[in-house]
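In what follows, every chain begins at residue 1, and chains take the letters A, B, ... in the order their sequences are listed. Computation of the quantities below employed the complete heavy-atom set of this structure, encompassing side-chain atoms and omitting hydrogens, waters and symmetry-equivalent molecules.
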Protein chains: 6
Amino acid sequence: MSSQNFKIAVFPGSFDPFTIGHESVVNRALYIFDRVIIGIGQNTTKTAYFPIEKRIEWIRKVFDHIQDKVEVKSFRGLTVDFCRSENARYILRGLRTASDFEYERAIAQTNKAMYPEIETVFLLTLPQHTYINSSVIREIIRQGGDASRFLPQDYKITV
Amino acid sequence: MSSQNFKIAVFPGSFDPFTIGHESVVNRALYIFDRVIIGIGQNTTKTAYFPIEKRIEWIRKVFDHIQDKVEVKSFRGLTVDFCRSENARYILRGLRTASDFEYERAIAQTNKAMYPEIETVFLLTLPQHTYINSSVIREIIRQGGDASRFLPQDYKITV
Amino acid sequence: MSSQNFKIAVFPGSFDPFTIGHESVVNRALYIFDRVIIGIGQNTTKTAYFPIEKRIEWIRKVFDHIQDKVEVKSFRGLTVDFCRSENARYILRGLRTASDFEYERAIAQTNKAMYPEIETVFLLTLPQHTYINSSVIREIIRQGGDASRFLPQDYKITV
Amino acid sequence: MSSQNFKIAVFPGSFDPFTIGHESVVNRALYIFDRVIIGIGQNTTKTAYFPIEKRIEWIRKVFDHIQDKVEVKSFRGLTVDFCRSENARYILRGLRTASDFEYERAIAQTNKAMYPEIETVFLLTLPQHTYINSSVIREIIRQGGDASRFLPQDYKITV
Amino acid sequence: MSSQNFKIAVFPGSFDPFTIGHESVVNRALYIFDRVIIGIGQNTTKTAYFPIEKRIEWIRKVFDHIQDKVEVKSFRGLTVDFCRSENARYILRGLRTASDFEYERAIAQTNKAMYPEIETVFLLTLPQHTYINSSVIREIIRQGGDASRFLPQDYKITV
Amino acid sequence: MSSQNFKIAVFPGSFDPFTIGHESVVNRALYIFDRVIIGIGQNTTKTAYFPIEKRIEWIRKVFDHIQDKVEVKSFRGLTVDFCRSENARYILRGLRTASDFEYERAIAQTNKAMYPEIETVFLLTLPQHTYINSSVIREIIRQGGDASRFLPQDYKITV
């Protein structure tokens, strides 16, 4: 297969934490792309709850058996610049709700204005994952609740 | 009436401050539930504008004449754990707008995943209350404006 | 229990057809209300796909084992007038999506303007039922597809 | 390239008429899929404004120069059955607005329930195409207005 | 005042029937525009419930005391062509809900594409009018209910 | 022209930064109002990214050629109090998306409750500006990206 046809997608996010919803999006995206790079953006203004090193380590474990297809990296700066540096022409995003959609559309159209060759490709979360979002899960963990049902089987939060 | 039929609902929120919209939801819910417990959640991350003791005191005054039906309590931890500890099988929430709805749906479905016996029951705010929300009112007060028209008659902010 | 405390809710709709989403809403509502009357409105302008007699018959079979708690009736005229004639002070509705919500809010607030004692009580559909709606199912059946997974187990479409 | 890697997507719709928004979605999808089949569904209940033969002919002219990559076909029955018969594992859809999104999500999740291997892939319309939709354009044409700016350059409506 | 500064707005709709929400929008718009022309579009595809002559007559009665400022006319063809023929550079619309908004945005942006000098100006309906819409009111009247509370005081439906 | 007919609108916001979307709204509003006052609110709780003096200076440069029609001022306290002090009976706002709309509606209806003579007038952003919002642009600048395409030609960020 020529390199031109080798399709690399960046799946950007803070993944604080990475959920079964995210996992499902990545797994289904592998039927479309040859490689998915999970890109953990290090936002200059928001402080993450879980340390970046831990998030990388925990997500890598989830995709350990398909390391050739799923990479996990962190990045600073603009998502489009990270895509360029990785030769990725696709940004992968999951869509859950209508308000999600409007936010995602603004980001995707801004990215396309800055890097016209980029294409954001959206998959839906599965019906049973629609309500699962990282900020609610984070709050459960903060309050001492058990959030394991919302996390991938191999994703172990170890502090 | 057997205790099994005695219906207790928790109305959770930060009520920072409690508005005429909240008051109307509680009053109408009393036609559905036998007791409503207004549960003021003490969020670990967000700092409230009004002190928790004051909010409890002010809301209690509003329902002073029906203390046997409306209790006011604060809680720490997960809402579902508070419900369990109060033997409440219902969570009461008011719905104002479509974006409200999507947020409420995520919370309610997360709660049901963690405590399947719980049922979140939604009432609409009245048309004339639809635009009233605590964060806008808080900002009015902060800016020195008069917000009394948005607060229950017996709810006196005393600082 | 005095009659005043006996809570009757009308669950209005065209149920063309009745889905597992509707079934779940009725079953969960029985923890809140003493009786649920499934009211099939006979709209003057829209023609239903399935005959009214069949819809009544099929839905009755679903709740055959709890006939004392779930009634199935058809009605003409306004929903609020049907509620009055049944001594029902509650209208039960399931909420699926944000656009659903806006439509439901308009109907509920119109009903309350015409009959102030009525209260519309909303339950959420379960996450796995959120996408299920009668018009899509009707189209599947029309196209000769198998829609049984979206219908209650005891709901048999017999033509 | 093995047949397993040959990615066929169906782009279903009524295309009554086909707009520059649709054209842009197809063109950008060709960077993701090896072939896009534009599938014009013949709905049993809604009557189209433009005849099916004409719609096929007009759309074919738009993609005349890339016939090996873009096919135009009409179909009856379920979209998922058409996908199966075409060995297509992807459904392609463009997203314009939040209310679009909710409708698309219901359809896509219903399709996945009936054919779990199918994946619906969403691209955004470009900002300048967001407001363009077939029903508004149809109304312009009906009223005798000039809608050519909303149609692909090679799409000539000839009646 | 020069004719250039004389601001004429068209308020287009089917007004089937005209509601207190519409009345409030027109009255408040008179603080912005010098004349408002209520333009009743005669859609080629949808049949109205109330005859066009009656709708004109009933609306005229509402604004009888300010005939110099509010005109009522019917039109065929595109709204932008009607605006041109009336020397109106403004289209007036009321906004009620988020799903309203998306529909209105598509229409307004289409109109601007076809007539760049036109500007659509939006006013909000009042909180207590947000749920009032013509199709629900029409259904109430059809079912024999009393809809007078939703209609302007001087708007008498006489059949 | 009598002073009564002289229409002054306040365009409130934080403009952190001012975008081409804002510029377009102001320019189009000048066909409706005689003067537009761009009012930069100094929020007590949120800290702006760009200093207030700079934002005033930069926006003034954009409207330098029409200083008699567009003023730039900062204000503290409630927007309605600023409007009163400026003899402005109109608040001007641009609408981009459905979630924007719900937020804007709450603010506008709160303002009207506090100052019934005020009218909020909404214009749409142009299709090609819909996705442009200050917080995304701010993030681009923070990350060292080039955001000049989203800013007015005469708006130079100089730090």
E117(C), CD: over 12 other non-hydrogen atoms inside 6.0 angstrom: yes

Does any backbone or side-chain atom of Q109(D) lie under 4.5 Å from a heavy atom of chain C? Answer side chain, backbone, both or neither. both

Less than 4.5 Å to any heavy atom of chain D: does that hold for the side chain of A98(C), its backbone, both, or neither? both

Identified side-chain contact (heavy atoms from CB on, under 4.5 Å) counterpart of T110(D) within the set V136(C), I132(C), I137(C), N133(C): V136(C)

For the pair F150(C) and M114(D), evaluate side chain to side chain contact (heavy atoms under 4.5 Å, CB included) and give the outcome as yes or no after the intermediate values. CA-CA 10 Å; F150(C) 305 121; M114(D) 300 185 74; 4.2 Å; yes

Could you please spell out the steps behind the side chain to side chain contact (heavy atoms under 4.5 Å, CB included) verdict for Q143(C) and D81(D)? CA-CA 10 Å; Q143(C) 302 278 10; D81(D) 290 337; over 6 Å; no

Considering all heavy atoms, the nearest I140(C)-L78(D) contact: CA-CD2, 3.9 Å

Counting heavy-atom pairs under 4.5 Å with chain C, which one of A108(D), S99(D), A113(D) comes out on top? A113(D)

